Amino acid sequence: AQVKPEQINTNMIFWLRIVVAAPAHSGIGGPLTYRSELPLAPGQLVRVPLGRREVLGVVWETLQDSGDLPPEQARAVLGALEAVPPLNASWRSLVAFTAGYYQRSLGEVALAALPPQLRELTAVQLARRLKRPQADTSSAETPQEGLTLSPEQTAALLQLSTDARPALLFGSTGSGKTEVYLRLTARQLARQRRVLVLVPEIGLTPQLVGRFATRFPQATLAVLHSGLTDTERLAAWRSTHSGSADIVIGTRSAVFAPVRQLGLVIVDEEHDSSFKQQEGGFRYSARDLALVRAQREGLPIVLGSATPSLESLHNAATGRLTRLSLPQRTAAAQPPTLRLLDVRGESMHAGLSTTALRGIERHLAADGQVLVYINRRGYAPTLACTACGWLAPCLACDARMTVYRQADRLRCHHCGAERALPRQCPQCGYAVKTVGQGTERIEEVLGETFPGVGIARLDRDVIRRNEDLHAVVASVASGAARILVGTQMVAKGHDFPALTLVIVLNADHGLFSTDFRAAERLAQTIVQVAGRAGRAERAGEVLIQTEFPEHPLLRSLLEGGYDAFAAAALEERHSAAWPPFSRLAALRASAPQAQTTLEFLQAAREAGEALDAGRVRLLGPAPAAMARRADRHHAQLLLESGERASLHRFLQQWVPVIETLPTARRVRWALDVDPLELF
Ligand code: ADP
Ligand code: ZN
Ligand code: ZN
């Protein structure tokens with residue numbers, strides 16, 4: 001209801017600036033002014049009217065008066081979510097920094113940082129939901145407080161307690177990084193401080209959650225990830241915010257978790273690309289924000305990895321991060337031996353060389369287990385006509401469809417389109433054959449070659465839920481499966497003590513990509529997959545099939561390890577002025593017509609040129625490598641600068657102009673600051 005001016009007793013009114021849940025590009029950039037009959041503290045969650053809707057808001061600041069807004073035009077707060085204590089100043093400051101850095105509105109960032117149910121529930125419904133959170137903390141590990149630390153672990157802990165700089169904990173798989181996290185956590189808990197642990201994907205690191213739970217049976221754990229139902233997520237968030245959780249373990253968005261009395265931040269597997277949100281409008285790096293958060297709150301932070309990102313290694317080299325190394329594997333484990341297997345002189349069996357098959361035979365005979373890594377799922381990358389050159393195109397994408405033999409389907413990995421697997425060429429009627437191999441095909445070939453041997457497969461087609469993952473991991477751990485075939489998923493976190501041989505198929509993909517990060521990702525994958533071998537007493541063996549055994553990247557990796565590879569790769573980045581030696585942002589757009597996309601990007605470019613671009617270079621627009629995806633045309637404009645500050649100064653002026661471009665309404669667009677993938 002509208003309020004008449006004379007009804008407002010301005011002495012009895014509290015004026016507030018409130019950040020509201022407004023859709024992106026709605027033109028609502030900052031907080032809006034509301035009035036309230038009750039005093040409300042900054043950080044308080046409220047429900048407020050917005051247009052005809054009622055939305056969630058966060059009180060951002062209190063005001064003396066209604067400012068520029070005539071008092072009678074201010075709308076009233078509908079209610080406060082009193083069961084939720086106000087979000088503190090550090091939380092608000094992280095949100096504000098994030099909005100500025102990634103050029104999003106405060107409302108969009110604040111609301112993305114809060115559990116979705118808060119947006120939907122009324123204050124009354126919410127009061128009823130606020131009970132009970134329990135994390136799944138099953139684990140086989142026994143408490144190990146008595147274990148003697150290695151000299152490197154001791155040195156790392158000492159360093160971390162005396163040096164306030166953020167640290168990079170660089171140690172191979174099994175070198176004892178988790179043990180360091182656990183010791184650091186113990187110290188914080190003893191000081192009544194809480195710990196935030198960021199992990200790439202919860203489902204893929206179940207052992208980590210289990211180890212924290214077992215080590216700290218008295219502590220309360222909250223686990224925050226996207227696999228939770230909205231109700232579970234709200235409960236875990238609440239236990240974080242109320243202070244009942246001592247240890248908060250979560251994926252990407254947990255970087256915004258409002259942990260009270262936070263004492264330490266840990267980012268495990270810091271190189272993992274899933275720390276970067278790569279979809280939608282708000283694209284952020286949780287790893288980078290964790291560093292910002294720790295710095296602003298004056299907290300110690302540890303980034304751990306066996307294969308650190310080149311960014312972090314560079315930061316360590318320039319002194320922004322303290323580098324701590326754990327070179328030795330603990331216990332009796334030996335580092336695996338890596339060998340390049342030149343496939344050019346080999347006879348091949350559906351992608352597996354004779355030498356690789358003999359290796360598998362040998363390791364099985366010696367009671368070992370074998371891992372076969374291939375970065376393609378499905379039966380085969382595509383289906384080809386033997387006569388006319390037809391290659392199973394997706395009708396909506398510039399891509400081939402993948403063959404699924406068991407499901408008897410063709411599927412597009414880019415748009416999800418499916419159709420029945422044709423028996424003959426739909427174009428000319430001749431016979432068709434599969435081209436290349438995926439996990440399903442490798443599993444089939446191994447089944448034929450090693451009858452009676454248990455084989456498990458791990459890829460996104462097999463793993464739909466966490467339980468599926470547990471089942472596969474259990475079958476390998478119990479020895480029921482002696483060969484494991486899988487994609488990148490196999491590289492993460494699992495510990496299979498009897499695994500003695502790892503075979504890497506089609507490594508060559510990453511060697512000749514147009515993406516400047518492809519080599520880094522390939523090296524990380526090889527090292528991570530190799531790290532699965534020989535974790536117990538038995539030495540591991542790693543065979544990498546390649547047609548390019550002389551490739552300098554593979555050579556540096558094999559001869560000098562990840563460190564040598566990283567040094568060589570950083571040299572290359574330096575001479576090409578790629579990150580971390582420059583800063584990038586990508587303006588990406590898509591529309592049903594290529595023309596529309598390019599017109600928008602061209603207009604954005606011209607708008608940029610009209611501003612003072614300073615030291616920012618605008619490159620493009622250029623169509624994406626796969627321009628048509630799900631029937632939309634994708635293209636991008638790249639921005640490059642030697643300095644972060646000039647890039648941000650430019651973005652601040654430029655983004656508001658883009659928002660007003662007439663062509664902006666005809667495309668979907670997003671600005672990606674520090675993009676991980678260029679297409
Ligand atoms: P990472 O996290 O680097 O993979 P972990 O901390 O999981 O390494 O250590 C690998 C294995 O070695 C674990 O089983 C762990 O309990 C054990 N471990 C860690 N530190 C020590 C140590 N100082 N002495 C003996 N065993 C250790
Ligand atoms: Zn044909
Ligand atoms: Zn498609």
Side-chain angles (χ1 to χ4, degrees), residues 139-157 169-185 197 199 205 207-212 214-215 266-270 302-308 324-335 382-402 409-419 422-433 491-497 527-528 530-532 534-537 626-634:
S139 159
E141 186 181 280
T142 48
Q144 292 193 326
E145 285 94 346
L147 172 145
T148 316
L149 293 178
S150 68
E152 289 85 5
Q153 286 172 318
T154 309
L157 282 169
L169 187 61
F170 182 6
S172 60
T173 311
S175 63
K177 294 184 296 298
T178 309
E179 188 57 39
V180 172
Y181 304 157
L182 292 168
R183 299 288 173 123
L184 290 170
T185 300
V197 186
V199 294
T205 49
Q207 287 158 339
L208 188 76
V209 177
R211 286 178 68 182
F212 274 89
T214 315
R215 182 65 62 91
I266 295 166
V267 182
D268 191 32
E269 308 287 359
E270 67 87 28
V302 185
L303 310 180
S305 178
T307 53
L324 304 170
S325 298
L326 297 181
Q328 299 295 327
R329 287 190 150 208
T330 58
Q334 296 294 312
T382 196
L383 193 69
C385 171
T386 52
C388 76
W390 177 86
L391 274 168
C394 173
L395 300 179
C397 305
D398 292 336
R400 312 280 168 218
M401 294 182 93
T402 300
R409 312 286 285 170
L410 282 175
R411 284 186 192 141
C412 175
H413 283 172
H414 306 281
C415 70
E418 284 203 25
R419 54 189 148 125
R423 298 283 168 257
Q424 310 114 2
C425 174
Q427 200 161 276
C428 74
Y430 264 71
V432 286
K433 64 168 192 330
K492 311 206 178 181
H494 314 293
D495 192 355
F496 302 122
V527 175
Q528 295 280 350
R532 302 303 123 203
R535 290 202 77 181
E537 305 74 42
M626 187 191 296
R628 196 167 55 102
R629 250 179 300 143
D631 260 333
R632 296 180 70 84
H633 287 264
H634 295 253

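Remember, it's 1-based here, ligands and their atoms both numbered in the order they're listed. Treat the numbers as computed from the prediction; the structure is a model and nothing was measured. Sequential numbering from 1 along the given sequence is applied to the chain's residues.
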**Request:** Give a rough value, rounded to 10 degrees, for the angle at the Zn ion (ligand 3) between atoms SG of Cys412 and SG of Cys397.
**Result:** 110°
**Asked** Hey, which atoms in ligand 1 end up nearer than 4.0 Å to a heavy atom of Arg211?
**Response** 5 (P), 6 (O), 7 (O), 15 (C), 16 (O)
**Message:** Is there a polar contact between ligand 1 and Gly176, counting only N or O atoms under 3.5 Å apart?
**Reply:** yes
**Asked** Which of the numbered atoms in ligand 1 are below 4.0 angstrom from a heavy atom of Ser150?
**Response** 23 (N)
**Asked** Taking the non-hydrogen atoms of Ser175, is any one of them nearer than 4.0 angstrom to ligand 1?
**Response** yes
**Message:** Given 3.5 Å as the limit, does a donor-acceptor pair link the side chain of Arg628 with the main chain of Ala399, or not?
**Reply:** no
**Prompt:** Does His414 bring an N, O or S atom to under 2.8 Å of the Zn ion (ligand 3)?
**Reply:** no
**Item:** Close approach, Ser172 and ligand 1, non-hydrogen under 4.0 angstrom
**Value:** yes
**Prompt:** Using heavy atoms and a threshold below 4.0 Å, how should the contact between Thr178 and ligand 1 be classified: side chain, backbone, both, or neither?
**Reply:** both
**Prompt:** Roughly how far, to the nearest 0.5 Å, is the CZ atom of Phe170 from the CG atom of Leu326?
**Reply:** 10.5 Å
**Asked** NE2/His413 to OG1/Thr402 distance, rounded to the nearest 0.5 angstrom?
**Response** 3.5 Å
**Complete:** Output field for angle at the Zn ion (ligand 2), Cys428.SG vs Cys388.SG, rounded to 10°, should show 110°
**Prompt:** Heavy atom under 4.0 Å from ligand 1: found in Thr148's side chain, backbone, both, or neither?
**Reply:** backbone
**Request:** Run the salt-bridge test on Glu269 and Lys177 with the 4.0 Å N-O cut-off and return the result as yes or no.
**Result:** no
**Item:** Contact check, side chains of Leu147 and Arg183, non-hydrogen atoms, under 4.5 Å
**Value:** yes
**Message:** Could you check whether any side-chain N or O of Ser150 sits under 3.5 Å from a backbone N or O of Gln153, counting only pairs where one atom can act as donor and the other as acceptor?
**Reply:** yes
**Prompt:** Are Met401 and Pro393 side-chain neighbours, meaning at least one heavy-atom pair lies under 4.5 Å?
**Reply:** no
**Asked** At the Zn ion (ligand 2), what is the angle formed between atom SG of Cys385 and atom SG of Cys425, rounded to the nearest 10°?
**Response** 110°
**Asked** Closest approach of Trp390 and Gln427, non-hydrogen atoms and distance?
**Response** CD1-OE1, 3.6 Å
